[in-house]
Undergrad: 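Structure in structure tokens, see below.
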Amino acid sequence: MKACMIRLVIVAGASVFGASMLSMHAQAPAKPAAKRVVLRAASELKWVDAPDATGVQQAVAWGNPQKGPHGSFAKFAGGTEVPLHTHTAGGRSVVISGTIVEGLEGQKPKELGPGSYFSMPGDVKHTTACKAGAECSIYSEWSGAFELKPATP
């Protein structure tokens, strides 16, 4: 009987230890993604015409603008005006050069010079322009694919 009791304690202890180890393994953090360094000079950016926006070009920094979240640079010829439109995805932008003029539907447009920041959720009707006299450039990060949809007032 004593030997049977010892075996029972050993089996029970081994079961608790095994369950504890499995639980710790299941809660272990996932392996971090492989680290990737990207170093790209401005001269290495590939500029393409932005869809549906005459006078605007884009260069992708990361991600895929046709498929989902991404970061991209945009440059506007001085005097470019993109009429009332929306984007499906939301975006956050920083003005690098020139003066960007953002106008929300029904509001007075706001001039944003170098170092300015703006953020806009998807489906907000607005206009975007580059003040005449100099090219404008911005960097934007988008929560989804890039889509510019003309809007009616």
Side-chain angles (χ1 to χ4, degrees), residues 14-153:
S15 296
V16 170
F17 178 75
S20 171
M21 292 305 289
L22 284 174
S23 173
M24 285 176 44
H25 180 60
Q27 294 174 3
K31 290 183 181 179
K35 293 180 181 180
R36 181 174 170 233
V37 175
V38 176
L39 303 172
R40 187 176 299 135
S43 62
E44 297 171 320
L45 294 174
K46 181 182 176 192
W47 292 96
V48 297
D49 291 336
D52 302 317
T54 304
V56 182
Q57 291 189 311
Q58 292 178 315
V60 176
W62 61 269
N64 183 334
Q66 286 81 36
K67 294 185 178 183
H70 64 283
S72 62
F73 293 90
K75 61 182 175 180
F76 302 73
T80 297
E81 294 183 22
V82 181
L84 195 63
H85 65 281
T86 64
H87 304 279
T88 303
R92 297 177 175 143
S93 304
V94 174
V95 179
I96 299 169
S97 65
T99 302
I100 292 287
V101 183
E102 285 292 324
L104 299 177
E105 183 179 41
Q107 295 183 21
K108 181 181 176 186
K110 185 166 187 168
E111 292 188 2
L112 303 166
S116 297
Y117 168 81
F118 59 101
S119 172
M120 203 171 302
D123 298 321
V124 172
K125 291 181 181 180
H126 65 285
T127 59
T128 302
C130 174
K131 194 171 179 179
E135 180 179 272
C136 297
S137 61
I138 62 174
Y139 175 75
S140 302
E141 294 200 342
W142 297 90
S143 62
F146 183 82
E147 181 180 29
L148 189 148
K149 300 185 298 186
T152 53

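One-based numbering along the sequence shown.
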Undergrad: Under the side-chain hydrogen bond (donor to acceptor under 3.5 Å, both in side chains) test against Ser140, which residue among Ser119, Ser72, Ser93 passes?
TA: Ser93
Undergrad: Flag yes if more than 12 heavy atoms outside Lys125 fall under 6.0 Å of its NZ atom; otherwise flag no.
TA: yes
Undergrad: Between Val60 and Lys46, is a side-chain contact (heavy atoms from CB on, under 4.5 Å) present by the stated rule, with each step listed?
TA: CA-CA 7 Å; Val60 176; Lys46 181 182 176 192; over 6 Å; no
Undergrad: Locate the shortest heavy-atom distance separating Ser143 from Pro69; write the atom from each residue and the value.
TA: O-CG, 3.3 Å
Undergrad: Starting at CZ of Arg36, measure out to CH2 of Trp62 and round the result to the nearest 0.5 Å.
TA: 12.0 Å
Undergrad: What's the shortest heavy-atom distance between Ile100 and Cys136, and which atoms?
TA: CD1-CB, 3.7 Å
Undergrad: Flag the pair Lys75 / Cys130 as yes when at least one side-chain heavy-atom distance between them is below 4.5 Å, and no otherwise.
TA: no
Undergrad: Nearest 0.5 Å, what's the CG-CD distance between Leu45 and Gln57?
TA: 11.5 Å
Undergrad: Are the side chains of His126 and Leu104 in contact, using a 4.5 Å heavy-atom criterion?
TA: yes
Undergrad: Under the rule for side chain to side chain contact (heavy atoms under 4.5 Å, CB included), what residues qualify as partners of Glu147, not counting sequence neighbours?
TA: Thr88, Lys149
Undergrad: If you compare all heavy atoms of Pro83 against all heavy atoms of Thr127, which two are closest, and at what distance to 0.1 Å?
TA: C-CG2, 4.0 Å
Undergrad: Who are the side chain to side chain contact (heavy atoms under 4.5 Å, CB included) partners of Leu148, not counting sequence neighbours?
TA: Asp52, Ala53, Val82, His85, His87, Phe146
Undergrad: side-chain hydrogen bond (donor to acceptor under 3.5 Å, both in side chains) with Gln66: which residues, sequence neighbours excluded?
TA: none
Undergrad: For residues Tyr139 and Ala61, report the shortest heavy-atom separation together with the two atoms involved.
TA: CE1-CB, 3.9 Å
Undergrad: For the CD atom on Glu81, are there more than 12 heavy atoms of other groups (residues, nucleotides or ligands in this structure) within a distance under 6.0 Å?
TA: no
Undergrad: For a quick test of reading the model, state the closest non-hydrogen atom pair linking Val95 to Ile138 and the distance between them.
TA: CA-CG2, 3.9 Å
Undergrad: If you define the side chain from C-beta out and look only at heavy atoms, does anything of Phe118 sit under 4.5 Å from Leu112?
TA: yes
Undergrad: Are the side chains of Pro65 and Trp142 in touch, meaning some heavy atoms are under 4.5 Å apart?
TA: no
Undergrad: So how far is it from Ile96 CD1 to Ser116 OG, rounded to the nearest 0.5 Å?
TA: 12.0 Å
